J.: 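So that we are looking at the same thing, I have put the structure below in structure tokens.
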Protein chains: 2
Amino acid sequence: MRDDGDSRNGPDLAERFAAWQDLGLDPHSCPVRDVLSHVGDKWTTLIVAALAGGPHRFGAIHRVIPDISKRMLTQTLRDLERDGLATRRVFPTSPPSVEYGLTPLGRSLLDPLTALVAWAERNHAAIAAARTRFRAET
Amino acid sequence: MRDDGDSRNGPDLAERFAAWQDLGLDPHSCPVRDVLSHVGDKWTTLIVAALAGGPHRFGAIHRVIPDISKRMLTQTLRDLERDGLATRRVFPTSPPSVEYGLTPLGRSLLDPLTALVAWAERNHAAIAAARTRFRAET
DNA sequence: ACACGAGGTCTATAAAAGAGACCGACAGGC
DNA sequence: GCCTGTCGGTCTCTTTTATAGACCTCGTGT
């Protein structure tokens, strides 16, 4: 816990960043980039949010996020399953139903994700204002 | 939806998510999606991390993130500037040099971003293991 | 005069996302 | 028995987005 009383974590992130570079500098072996590319993609966050309250079926997720194509929904769920963040359970009913849920690992992502979402909610007005200002200046 | 009371922030995110839907359900007007699509994109996080330690010049950022094309670097920096997260200062030297830095708003993003990066560092081994397992199963 | 480096832009190509038709199995209506 | 609809996908086609890399302008050092 390196709190120098300054409450700045900028240097913290900068330090880590420098460390990644020293340790190889190869972007392909950088786990942070690999992980963040997932977390950051357009649908992953939304789907994880949708599953945060409990397991949902494929159709239910689709209803909750209407503007995702089935193709992307399937793919994103596969990726989540592959990375151990989500579970996929098939019930041999007819028609078959499939239920997706978060693993403990997936649930552990909710914490930082919620922080990020909270930041977005706090600051979207400021961002919108900045955009308006920027457009006016050019 | 079941609530077994042991997942503290799961319901939190699920609640917010439900609230976004109640409040319009239009994904285009959802500020969180708008903001997260930025934060999540491949380069934004890296560039913000690179600027976390202080302002850097265009070429310096490029040297630190070698595998970004100039085109994407320019574009991502423009977006950060547009959204009020980064500043761009041109020095009339020759050849002209341009310095990019974070605004207070940009620095406020470091907090949640650091949390996310920390999560990625903590869990990338588990994710890699899950991937290996998944590949073996199929 | 020439090449060079800074900070870009432009173009051509590759990768990814989106729309939406289709599928296989079964259930219910007629 | 036949038609229709549902569920959880896959397949194909089109559009969007990213990448690589050539090129540009301007001044400077040699």
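Just so you know, these numbers use all the heavy atoms, side chains as well, and skip hydrogens, waters and symmetry mates. Since the model is a prediction, treat every value here as computed from it, not as a measurement. Naming: A, B, ... by sequence-line order, numbering from 1 per chain.
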J.: Select one nucleotide: of C:dG18, D:dG9, D:dT19, the one nearest the side-chain heavy atoms of A:Lys42.
T.: C:dG18

J.: Starting from C1' on D:dT17, measure out to CD1 on B:Ile68 and report it in whole angstrom.
T.: 14 Å

J.: Check the distance between D:dA18's C1' and A:Arg33's CZ and give it to me in whole angstrom.
T.: 14 Å

J.: What's the NE2-C1' distance between A:His56 and D:dC7, to the nearest Å?
T.: 17 Å

J.: What nucleotide, of C:dA17, C:dT9, D:dC7, holds the atom closest to the side chain of A:Gln75?
T.: C:dA17

J.: Nearest heavy atom decides the nucleotide; on that basis, is A:Pro96 or A:Arg71 closer to the 5' end of DNA chain C?
T.: A:Arg71

J.: Grab the CE-C1' distance between B:Met72 and D:dT17 for me, whole Å please.
T.: 8 Å

J.: Atom CG of B:Asp67 to atom P of D:dA18: distance rounded to whole Å?
T.: 15 Å

J.: Can you tell me if the side-chain N/O atoms of A:Trp43 get under 4.0 Å from OP1 or OP2 in C:dA16?
T.: no

J.: What's the closest nucleotide to the A:Arg78 side chain, out of D:dT10, C:dG5, D:dG8?
T.: D:dT10

J.: Going by heavy atoms in the side chains, are B:Lys42 and B:Met72 under 4.5 Å from each other?
T.: no

J.: Nearest to the side chain of B:Ser69 - C:dG8, D:dA20, C:dA6?
T.: D:dA20

J.: With a non-hydrogen cut-off below 4.0 angstrom, is B:Tyr100 in contact with a base, only sugar-phosphate, or nothing?
T.: sugar-phosphate

J.: Can you check whether A:Trp119 reaches B:Asp111 side chain to side chain, under 4.5 Å on heavy atoms?
T.: no

J.: Please pick, from D:dG8, C:dG8, C:dC26, the nucleotide with the shortest atom-to-atom distance to any side-chain atom of A:Ser94.
T.: C:dC26

J.: Do the side chains of A:Ile47 and A:Ile68 get nearer than 4.5 Å, heavy atoms only?
T.: yes

J.: Is there a path of hydrophobic side-chain contacts, each under 4.5 Å between heavy atoms of I, L, V, M, F, W or Y residues, that connects B:Leu13 with A:Leu105?
T.: yes

J.: Roughly, in whole Å, what's the span from CD1 in B:Ile47 to P in D:dA18?
T.: 12 Å

J.: Any donor-acceptor pair under 3.5 Å linking the side chain of A:Ser94 with the backbone of A:Pro96?
T.: no

J.: Using whole Å, what does the distance between atom C1' of nucleotide D:dG9 and atom NE2 of A:His62 come to?
T.: 12 Å

J.: Measuring from the side chain of B:Val98 (C-beta onward, heavy atoms only), which nucleotide among C:dG8, D:dT19, D:dT6 has the closest atom?
T.: C:dG8

J.: Between A:Arg63 and D:dT6, is there a side-chain N or O to OP1/OP2 distance below 4.0 Å?
T.: no

J.: Without decimals, in angstroms, what is the distance between B:Lys70 NZ and C:dT11 P?
T.: 17 Å

